[in-house]
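Reading through the structure tokens given below for one structure.
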Amino acid sequence: MNFNGEYMEKKKPLIFAVRLILCAVTFFAGPVLYFYLVKKGAGDAMMYSAGSVVFVVLISLIGAFAVYLILKRPADEPEACEDCSFEEDAEREETEAFVAHDGDESLEARELYPELFRERDVEEAQAAPAYYEALTKALGSQKAELVPESEDTQESAEETEDILAVEKKDPEKLPDIYDSIPDTLPEGYTVWEEDEEPDEQEEQEETEEKPAPRRSKIFSRALAVVLIAALSASFGFVSGADCTVYSDGGFEVKSLFAKESYSWQDCEKVEIAPSFFGDRIAVTLYMKDGTEHALLPSDLVFSDGFYEKYSTVYSYAIHAVEAMTECGAEKTVKERKTIESEFLRRTDIGEYISELIK
């Protein structure tokens, strides 16, 4: 019974749910932070501008897809015994080398061990070799009867033993063979010491101290998921903290670490020109502190309070430009002919553009 397979089958719905939750958190963290910070920074302003929400959503989508790919891999890998996998593969290869498909002998095994597949006749194998009888007769003829030794032979053997016997001496008179060994080794010689084999307990402790490969992989993937989700959320946080709020008397620029307020008196120069794509009019403000700001960015968001005072964004621009020029700001119109040919003919904003560039 494969308990490991059944356990993995039961875990699949839980793994899928965790994967889905983490992908959703990665995707929604950035946009949620963005809209929350923009709404908090704009407050009840009649008009405001923030970082592009398109990039926030795109980064969050890429992060969620990366998290999905990272979490998909460990869920699809079955848990296996790494210690016995090599032995199982070796046994399987050895078995497959001798057993072929459809019950026939393996061609590879026949080539490697032909003597195991040699066909023999049963009667021939059971029969004794032809030379067996001749060999038996030759061995029988060489046998000799055992003749007991005579007394003379025993005496001669005893004499021989006495001659070859070592004369026993008094152990006290024997010289000590260790007296001639010097206490130091000759020059150039070193003592050879056998390497001590590591203790089994020490080897076991070292093995236990090493982190398991599976735990290391799980930790690295979890860390990657956390980093991706954090980067997605931080991008939405930074983009949402960068906001510009417009009012009747000026505008306020807010960032993650700073906030600067400007009034119309702080403007030194106003520049009016067609936008880069030529679909609208761009009004750029050059402030006395050296900064540059766009009065009519493309991502403006309007509230209900804006339409109570102004009909279009260009009517607001007319109000702001007149206030700044009255305070001494220089007004410059670039590409006037292009503006007159492209925008003055439009019935929706033609009269506002004419008032703005006069």
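For the numbers below, each heavy atom of this structure counts, side chains included, while hydrogens, waters and symmetry mates do not. The first residue of the sequence shown is numbered 1, and numbering continues consecutively from there.
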Working to the nearest 0.5 Å, report the span between OG1 of Thr312 and OH of Tyr307. 9.0 Å

Where Thr338 and Ser341 come nearest, the two heavy atoms and their spacing: O-OG, 3.1 Å

Does Ile353 form a side chain to side chain contact (heavy atoms under 4.5 Å, CB included) with Tyr314? I'd like the steps, not just the answer. CA-CA 7 Å; Ile353 300 300; Tyr314 292 108; 3.7 Å; yes

Separation between OH of Tyr34 and SG of Cys243, rounded to the nearest 0.5 Å: 8.0 Å

Leu356 vs Ile339, side chain to side chain contact (heavy atoms under 4.5 Å, CB included): CA-CA, chis, key distance, verdict: CA-CA 11 Å; Leu356 184 63; Ile339 295 174; over 6 Å; no

Donor-acceptor contact present, side-chain Tyr316 to main-chain Ser247, <3.5 Å: yes

Scan residues 307-336 for pairs that pass salt bridge (Lys or Arg N to Asp or Glu O under 4.0 Å), counting only residues two or more places apart or in two chains. Asp248-Lys309

Between the main-chain N or O of Val321 and the side-chain N or O of Thr325, is there a donor-acceptor pair closer than 3.5 Å? yes

Cluster link Phe257 to Leu33, ILVMFWY, side chain under 4.5 Å: yes

Donor-acceptor under 3.5 Å (Asp242 side chain, Ser239 main chain): no

Please confirm whether the backbone N or O of Leu285 pairs with a side-chain atom of Lys269, one donor and one acceptor, at under 3.5 Å? no

Check this for me: Asp44, atom CG, are more than 12 non-hydrogen atoms of other residues, nucleotides or ligands nearer than 6.0 Å? no

Smallest heavy-atom separation, Tyr246 atom then Met46 atom, equals O-CG, 3.9 Å

Which residues, ordered by chain and number, are linked to Leu231 in its hydrophobic cluster, where ILVMFWY side chains connect at heavy-atom gaps below 4.5 Å, directly or through other members? none

Looking at residues at least two apart in the chain, or sitting in another chain, which of them share a salt bridge (charged side-chain N to carboxylate O under 4.0 Å, His left out) with Arg280? none

Of all the heavy-atom pairs spanning Ser261 and Glu252, show the shortest one and how long it is. OG-OE2, 3.2 Å

Does the Thr291 side chain pair with the main chain of Met287, one donor and one acceptor, at a distance under 3.5 Å? no

Hey, quick one: are Leu71 and Val18 part of the same hydrophobic cluster, counting side-chain heavy atoms closer than 4.5 Å, chains of contacts allowed? yes

Stepwise side chain to side chain contact (heavy atoms under 4.5 Å, CB included) check, Thr332 with Ile272: CA-CA 6 Å; Thr332 304; Ile272 302 172; over 6 Å; no

With sequence neighbours excluded, residues passing side-chain hydrogen bond (donor to acceptor under 3.5 Å, both in side chains) with Tyr352: Ser311

Residue pairs passing the salt bridge (Lys or Arg N to Asp or Glu O under 4.0 Å) test with at least one member in residues 345-358, sequence neighbours excluded, are Arg346-Asp348, Glu355-Lys358

In this structure, CG of Leu37 is separated from NZ of Lys254 (nearest 0.5 Å) by 11.0 Å

Identify the two heavy atoms, one from Ala229 and one from Thr26, that lie closest to each other, and give their separation to 0.1 Å. CB-OG1, 3.7 Å

Apart from Ile21 itself, what residues make up its hydrophobic cluster, given side-chain heavy atom links below 4.5 Å? Val25

Please determine whether the number of non-hydrogen atoms from other residues, nucleotides or ligands lying under 6.0 Å from atom OH of Tyr310 exceeds 12. yes

How many angstroms lie between atom CD1 of Ile228 and atom OH of Tyr68, to the nearest 0.5 angstrom? 14.5 Å

I'd like to know if Phe251 and Ile318 are part of one continuous hydrophobic network [Ile/Leu/Val/Met/Phe/Trp/Tyr, side-chain heavy atoms within less than 4.5 Å]. yes

Taking C-beta and beyond as the side chain, do Thr284 and Leu295 meet within less than 4.5 Å on heavy atoms? no

Shortest non-hydrogen contact between Val270 and Ala329, atoms and distance: CG2-CB, 4.3 Å

Any link between Phe28 and Ile70 through a network of hydrophobic side chains (Ile, Leu, Val, Met, Phe, Trp, Tyr) touching at under 4.5 Å? no

Run Tyr262 and Asp289 through side chain to side chain contact (heavy atoms under 4.5 Å, CB included) and show every step you take. CA-CA 10 Å; Tyr262 296 95; Asp289 60 355; 2.7 Å; yes

Is there a path of hydrophobic side-chain contacts, each under 4.5 Å between heavy atoms, that joins Phe27 and Val53? yes

Using modelled atom types and a 3.5 Å cut-off, is there a donor and acceptor pairing between side-chain atoms of Ser49 and backbone atoms of Leu300? no

Look up atom CG in Leu227 and atom OG in Ser232, then write down how far apart they are to the nearest 0.5 Å. 12.5 Å

Any idea how Phe302 and Phe306 line up, ring-wise: parallel (<30°), tilted (30 to 60°), or perpendicular (>60°)? tilted

Looking at Ser60 and Val56, would you say the former's side chain and the latter's main chain have a donor-acceptor pair under 3.5 Å? yes

Which heavy atom of Pro274 sits nearest a heavy atom of Ile281, and at what distance? CA-CD1, 4.4 Å

Let me confirm one number: the CG-CD1 distance from Leu223 to Ile218, rounded to the nearest 0.5 Å. 13.5 Å

